[in-house]
Amino acid sequence: MEEKRNVVKPHTVMWKDRKQGSVTGVTDVLSFDENCIVLETELGMLTVKGKNLHVGRLTLEQGEVDLEGEMDSIVYSGHSPARKGSLIRRMFR
C-alpha cells in the first residue's frame, strides 16, 4: 500500500522597492485593509503592515498573492508544520 505524503507548496516572499510584492505558498487570506494584510501560508501566519496596501492578484488554487503599497514590516507567527517520523526514517526514504 502506498503511503500518502503531505505536499507542501513552495513558499517565497519577494518585494521590489517596498512598493510591490508577491507571496507564494498562501493557503488563505485571513484579513486585509489599507494598513494590514494577514495571510495563512504553508509555513505559518504572515502579517504585512504598511500604508495603502492592496491585494492585486489572488489565486488560492496556486497559492499566489500579489501585493501593492508601502510595506513597513513583514512578521511571521505560528510554527512551521512539524515533520513526522524520525530523522533516520526521513534520511532513508
Side-chain angles (χ1 to χ4, degrees):
M1 185 178 287
E2 191 173 319
E3 190 178 314
K4 291 185 179 180
R5 295 181 185 165
N6 291 337
V7 177
V8 177
K9 296 176 187 175
H11 174 63
T12 60
V13 177
M14 296 188 302
W15 286 95
K16 181 179 177 183
D17 298 328
R18 293 180 62 183
K19 301 240 183 262
Q20 295 177 326
S22 65
V23 182
T24 64
V26 175
T27 57
D28 199 5
V29 176
L30 300 179
S31 68
F32 64 93
D33 61 30
E34 290 187 350
N35 300 312
C36 183
I37 299 173
V38 181
L39 306 171
E40 182 178 1
T41 73
E42 295 285 346
L43 299 178
M45 305 302 279
L46 179 66
T47 302
V48 179
K49 291 186 179 181
K51 297 177 188 97
N52 300 317
L53 297 175
H54 300 282
V55 176
R57 179 181 61 97
L58 169 64
T59 54
L60 288 179
E61 294 82 21
Q62 296 175 343
E64 299 174 352
V65 176
D66 288 344
L67 305 173
E68 298 174 352
E70 186 179 330
M71 185 269 303
D72 291 331
S73 70
I74 301 174
V75 178
Y76 282 96
S77 59
H79 298 283
S80 300
R83 292 185 177 164
K84 294 185 178 181
S86 69
L87 175 62
I88 302 295
R89 183 177 213 178
R90 290 189 312 233
M91 288 174 52
F92 294 104
R93 283 189 191 179

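The basis for the numbers below is simple: all heavy atoms, side chains too, and nothing from hydrogens, waters or symmetry mates.
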Task: Validation row: Val55, Leu67 side chains within 4.5 angstrom (heavy atoms) - done: yes
- [ ] Output the distance between atom NE2 (His11) and atom CD (Glu42), rounded to the nearest 0.5 Å.
- [x] 9.0 Å
Task: Residue from Thr27, Leu46, Val29 passing side-chain contact (heavy atoms from CB on, under 4.5 Å) with Glu40 - done: Thr27
Task: Sequence neighbours excluded, every pair satisfying salt bridge (charged side-chain N to carboxylate O under 4.0 Å, His left out) that has a member inside residues 13-30 - done: Arg18-Asp72
Task: Smallest separation among heavy atoms of Cys36 and Thr47, with atom names - done: SG-CG2, 3.6 Å
- [ ] Report whether Val65 and Ile74 are members of the same hydrophobic cluster (ILVMFWY, side-chain heavy atoms less than 4.5 Å apart, transitive linking).
- [x] yes
TODO: Check which hydrophobic residues are tied to Val75 through side-chain heavy-atom contacts below 4.5 Å, counting indirect links as well, and list them.
DONE: none
- [ ] Can you measure from NE2 (His54) to CD (Glu34) and round to the nearest 0.5 angstrom?
- [x] 5.5 Å
Task: Glu64: salt bridge (Lys or Arg N to Asp or Glu O under 4.0 Å) partners, not counting sequence neighbours - done: Arg57
- [ ] Mind listing the closest non-hydrogen atom pair of Val38 and Met45 along with its distance?
- [x] CG1-CE, 4.0 Å
Open item on the list: Can you give me the closest heavy-atom contact between Asp33 and Ile37, atom names plus distance?
Closed with: O-CG1, 4.2 Å
Task: Closest approach of Val48 to Leu53 (non-hydrogen atoms, all atoms of both residues) - done: O-CD1, 3.7 Å
TODO: Quick one: do Gln62 and Val26 satisfy side chain to side chain contact (heavy atoms under 4.5 Å, CB included)? Show the steps, please.
DONE: CA-CA 8 Å; Gln62 296 175 343; Val26 175; over 6 Å; no
- [ ] Begin from the C-alpha positions of Phe32 and Leu39 and carry the test side chain to side chain contact (heavy atoms under 4.5 Å, CB included) through to its verdict.
- [x] CA-CA 9 Å; Phe32 64 93; Leu39 306 171; over 6 Å; no
